[in-house]
Every structure is written in C-alpha cells, then in structure tokens.
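Working notes, structure below.
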Amino acid sequence: MKNWFLSRTLREKLLLLFFTAAAAVGWLAAATGRLVQGGQGWHSVAVEQENQRLWLGHRAAIEERAAQAVKNIDPGRTLDASHLIGEVSALAGAAGLSVGIDPPRTQRTDRFAYHTVQVTFRRAALGALVNFYAALGKRAPYLALEQCTLAADRTNPAQLNATFSIFSVEVDASVHGPDRGGRE
C-alpha cells in the first residue's frame, strides 16, 4: 500500500489525503453526535429516576391524602362511563346547547375508574356555555372540567365553537364497605 501511494503523482496524493481526511472528519462528527445523544439519554434517565424517587419518598403522604379524599366521596353518586355521557347530555340540554360527544376513555386502578369524554359545542352562545359550566361545577367532585378550548365561529364571530374535556371518577364501592353506603 505504501509503495502504491508513493508511486502516485503529487496531485493524486493530495486528493487521496483530502478524501481520507474528509471521511475521518465525517466519521468523527457522526461519532460525536452519537456520543452527545447518548449523554442526553443518560441525563434524561437520571432526571426521571430522581423524579420517581421523589414520588416514592412521598408515597405514604400521597396514599393518606388519597384515602382521605375517597372517604369524602359517596360511591353512589359517582358516574360510570355511560352515566357520564347521559349526565353531560342532560346538562347540555338544560343549558340549551346541542352537543357532540366522543366515546369515553377509561383508565382503571384497583380502587377507582377515571372516565374522560370530549364534548364539542358548535355555534354556541357564550351565555349558554357559561350556564353549562356552572351546572357542571355544581356536580363537582363527581363530574368536572379537565380542559376547555374556545374559538369564535368563522361564519358568525358572535358564536363560539367549544371543546370541553370532562371527567368523572367512579369509586369501587368495596373501598368504603357497607358502613359507608357502598354498593355491595
């Protein structure tokens, strides 16, 4: 290889050195990028681990507050997914709103179920939306607003298009037992 390189003209030697150096620089840049990306990955894992340690360190207090909150909730008044849709439809009808309701999403744990439904109102008056929100607030903590998006209607700016994300919590009656009014 050395003899072959030395037998080349000066111009060929310079071109070979240039291309070899360019390939080495490209390889080093790629290796540096992978090294930086790996370092960022390690850092994000370390931050997440510290966050988990923090939550686990406060586990007893969190469980105590959750148990206290569950004691204040009457399982008979909590709503399952189908009752959530019915209640939202009734509240919207009472406020004079026509409503579009997406299918509910449910997350379950051993003690409760968290139901979320997305509700859309098209071309609604602000007063009717405020009435709906007030009626929803009266049903707390069994029914509550998680997120709200409002936008003026393009054809009539005096009307609003609104999307509400509403949730309900369904408590397992066995958590309370028969002495707390739970369903057996």
Side-chain angles (χ1 to χ4, degrees), residues 1 16-88 91 99-122 129 132-133 136-152 160-177 180 182-183:
M1 186 75 165
L16 284 171
L17 287 174
F18 173 76
F19 287 128
T20 304
V25 166
W27 180 82
L28 283 173
T32 302
R34 285 191 302 272
L35 184 64
V36 167
Q37 188 177 17
Q40 289 172 343
W42 279 101
H43 178 70
S44 67
V45 166
V47 167
E48 181 64 26
Q49 186 179 19
E50 184 59 33
N51 189 19
Q52 293 297 324
R53 271 195 210 116
L54 180 69
W55 281 105
L56 289 173
H58 292 93
R59 181 179 179 171
I62 292 170
E63 286 180 349
E64 181 181 324
R65 284 188 293 179
Q68 196 64 22
V70 168
K71 286 180 184 177
N72 296 330
I73 293 179
D74 176 14
R77 293 185 64 196
T78 62
L79 302 173
D80 62 12
S82 60
H83 286 103
L84 168 63
I85 292 173
E87 187 72 19
V88 168
L91 292 175
V99 64
I101 301 176
D102 291 348
R105 294 180 313 268
T106 300
Q107 297 174 342
R108 295 195 181 277
T109 69
D110 58 339
R111 294 186 176 192
F112 65 91
Y114 182 82
H115 307 289
T116 307
V117 67
Q118 188 147 347
V119 181
T120 305
F121 302 105
R122 300 272 182 231
L129 289 173
F132 175 78
Y133 176 73
L136 192 62
K138 291 177 183 174
R139 293 284 287 130
Y142 304 102
L143 195 63
L145 181 65
E146 184 174 50
Q147 184 178 3
C148 173
T149 305
L150 297 173
L160 297 171
N161 293 326
T163 303
F164 289 8
S165 181
I166 300 172
F167 73 90
S168 70
V169 177
E170 178 183 11
V171 177
D172 182 12
S174 64
V175 171
H176 291 286
R180 291 285 300 161
R183 297 171 290 217

Side-chain donor-acceptor pairs under 3.5 Å in residues 27-45, sequence neighbours left out?
residue : atom : partner : partner atom : Å
Thr32   : OG1  : Leu28   : O            : 2.7
Ser44   : OG   : Gln40   : O            : 3.4
Ser44   : OG   : Gly41   : O            : 2.9

Counting only pairs under 3.5 Å, give me each side-chain donor-acceptor contact of residues 100-109, with atom names and distances, residues two or more places apart or in other chains.
residue : atom : partner : partner atom : Å
Thr106  : OG1  : His115  : ND1          : 2.8
Thr109  : OG1  : Arg111  : N            : 3.3
Thr109  : OG1  : Phe112  : N            : 3.2
Thr109  : OG1  : Phe112  : O            : 3.1

Listed pairs under 3.5 Å, donor-acceptor, residues 140-151 side chains, sequence neighbours left out:
residue : atom : partner : partner atom : Å
Tyr142  : OH   : Asp74   : N            : 3.0
Glu146  : OE1  : Ser165  : OG           : 3.2
Glu146  : OE2  : Tyr114  : OH           : 2.6

Please walk me through it: do Val117 and Ile166 pass side chain to side chain contact (heavy atoms under 4.5 Å, CB included)? CA-CA 5 Å; Val117 67; Ile166 300 172; 4.3 Å; yes

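Here Glu87 pairs with Arg139 under the side chain to side chain donor-acceptor pair (under 3.5 Å) rule; sequence neighbours left out. Judged as a side chain to side chain donor-acceptor pair (under 3.5 Å), and not counting sequence neighbours, the contacts of His83 are Asp80.
Sorted by first and then second residue, the salt bridge (Lys or Arg N to Asp or Glu O under 4.0 Å) pairs with a member in residues 35-50 read Glu50-Arg53; sequence neighbours excluded.
At least one donor-acceptor pair closer than 3.5 Å links the side chain of Ser168 to the backbone N or O of Leu79.
Gln52 CD: more than 12 foreign heavy atoms inside a 6.0 Å radius.
Put simply, CG on Leu54 and CD on Gln49 are 13.0 Å apart, with the number rounded to the nearest 0.5 Å.
For an aromatic pair to be called close, the ring centres must be under 6.0 Å apart, and Tyr133 with Phe164 fails this.
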